[in-house]
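From a predicted model like this one, the values you see are computed outputs, not experimental measurements. Here is how names work: the chains are called A, B, and so on, in the same order as the sequence lines, proteins then strands, and each is numbered from 1.
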Protein chains: 2
Amino acid sequence: MKLSTRGEYGLRAMFDLAQHYGEGPIPIKSVAERQEISEHYLEQLIAVLRKAGLAKSVRGAQGGYILARDPEEITVGDIIRVLEGPIAPVDCLNDREGECCERAETCVTRGIWEKVRDSISSVLDSFTLADMVDKASKMQQDDKHYMYYI
Amino acid sequence: MKLSTRGEYGLRAMFDLAQHYGEGPIPIKSVAERQEISEHYLEQLIAVLRKAGLAKSVRGAQGGYILARDPEEITVGDIIRVLEGPIAPVDCLNDREGECCERAETCVTRGIWEKVRDSISSVLDSFTLADMVDKASKMQQDDKHYMYYI
DNA sequence: GCTAAAGTCGACTTTTTTACTCAGCTTTAA
DNA sequence: TTAAAGCTGAGTAAAAAAGTCGACTTTAGC
């Protein structure tokens, strides 16, 4: 039950773009440096996000990437689904009803996986990039406070 | 976000033992046949479940495996955690607080993964093997009904 | 127009994990 | 005593994940 680095890196990259939203195109190189991710690898991930319509690219000098929509309009679920494929603990959830499992027995487990999937989805969809940026800035505030009183 | 076959097979095997609970030790071979899982592979999985205290073995002729506790006392979460490792979308959730991520920024995502983990856990812990056996027998009833009316 | 800073594309490699397989051993009911 | 079970550890093949490389295209700014 683990995310691959694709989802983790991709989310961090999109979060980075969200933090710089409004500043024009952000070069992938700078995102990779800040997030400590291999530039070439990140290139691949962001290409997927672009094709899925979550990010836009601006080619040429002074180019880079921008979120395709406002940070409020992009959920963590949107990003994870694109990079990790459909959220489904077992494959048969992606098949049409009745297309898998001959034995009804086996399908008892299916109901459980469905509930797991739905609960993951609903958690992931409940966070937007804007929420994350808010939280990050609050954390920085707290840090300052803390420093102040030392 | 996918389960490996370890969790899937292991759960099916334990479900099989639950269906035969009270009938004495069930040989792994028969479980493997019913569930269409490689016998040798299943041996490895059930060994892990045994060491974790979820199943008991009876060696020698007429031996086999038995659930270590009543089916009501074993949840799907117990089984999955043993076979798939701790439920944690990202590794840093298994570290102690503050041991990971230097940058507070990075840790904004951590809060999200924590909620995902907790929601998965609570779904998995809400099903016991007894629930699954009940459901399977109901499904068989329904099947008979269905057949009856054709 | 040239140049350098960007993104684009596809193929390649390495590493890790998964999913088995095998052989030989130990235990024990009948 | 024997055959049916579990136990153990090593080995392996295939797949997926993670990352690398190099050549190409686009475009702002000089």
Any residue meeting side-chain contact (heavy atoms from CB on, under 4.5 Å) with L124(A), in chain and number order, not counting sequence neighbours: V76(A), I80(A), I87(A), I120(A), I112(B), W113(B), V116(B)
Between R50(B) and dC7(D), does any side-chain N or O lie under 4.0 Å from OP1 or OP2? yes
Summarise how protein sits on nucleotides 20-30 of chain D as a single string, 5' to 3': B when a protein heavy atom is under 4.0 Å from the base, S for sugar-phosphate-only contact, - for no contact. BB---BBBS--
When the nearest nucleotide of DNA chain C is assigned to R6(B) and to P27(A) on a heavy-atom basis, which residue is associated with the more 5' position? P27(A)
Please name all residues satisfying salt bridge (charged side-chain N to carboxylate O under 4.0 Å, His left out) with D70(A), sequence neighbours left out, ordered by chain then number. none
Ignoring backbone atoms, test whether Y9(A) places a side-chain nitrogen or oxygen under 4.0 Å from the OP1 or OP2 oxygen of dG19(D). yes
Write down the distance between CD1 (I37(A)) and C1' (dA18(D)), rounded to a whole number of angstrom. 12 Å
Shortest non-hydrogen pair, P71(A) vs T128(A), comes out as O-CB, 3.6 Å
Kindly write out the residues that satisfy salt bridge (charged side-chain N to carboxylate O under 4.0 Å, His left out) with D134(A), not counting sequence neighbours, or none if the list is empty. none
Rounded to whole Å, the NZ-P distance (K29(B) to dC7(D)) equals 16 Å
Just to verify, what does K2(A) make a salt bridge (charged side-chain N to carboxylate O under 4.0 Å, His left out) with, not counting sequence neighbours? D91(B)
Taking CD from E8(B) and P from dC20(C), how many angstroms apart are they, rounded to a whole number? 10 Å
Rounded interatomic separation in angstrom, taking CG from L42(A) and C1' from dG19(D): 12 Å
Take atom NZ of K51(B) and atom P of dG6(D), then tell me their distance rounded to the nearest Å. 15 Å
Regarding T75(A) and D78(A), is there a side-chain donor-to-acceptor distance under 3.5 Å anywhere? yes
Would you indicate, yes or no, if dA19(C) has its OP1 or OP2 atom less than 4.0 angstrom from a side-chain nitrogen or oxygen of T5(B)? yes
Check the distance between dT8(D)'s P and L45(B)'s CG and give it to me in whole angstrom. 15 Å
It should be established whether S57(B) places a side-chain nitrogen or oxygen under 4.0 Å from OP1 or OP2 of nucleotide dC7(D). yes
For S57(B), give me all partners under side chain to side chain donor-acceptor pair (under 3.5 Å), at least two apart in sequence or on another chain. none
With a 4.0 Å cut-off on heavy atoms, is I46(B) in touch with a base, just the backbone sugar-phosphate, or nothing at all? nothing
Atom CD of E84(A) and atom C1' of dA18(D): how far apart are they, to the nearest Å? 12 Å
What is the distance, to the nearest angstrom, from the CD1 atom on I66(A) to the P atom on dG7(C)? 11 Å
Strictly below 4.0 Å: does Y65(B) bring a side-chain N or O up to OP1 or OP2 of dA5(D)? no
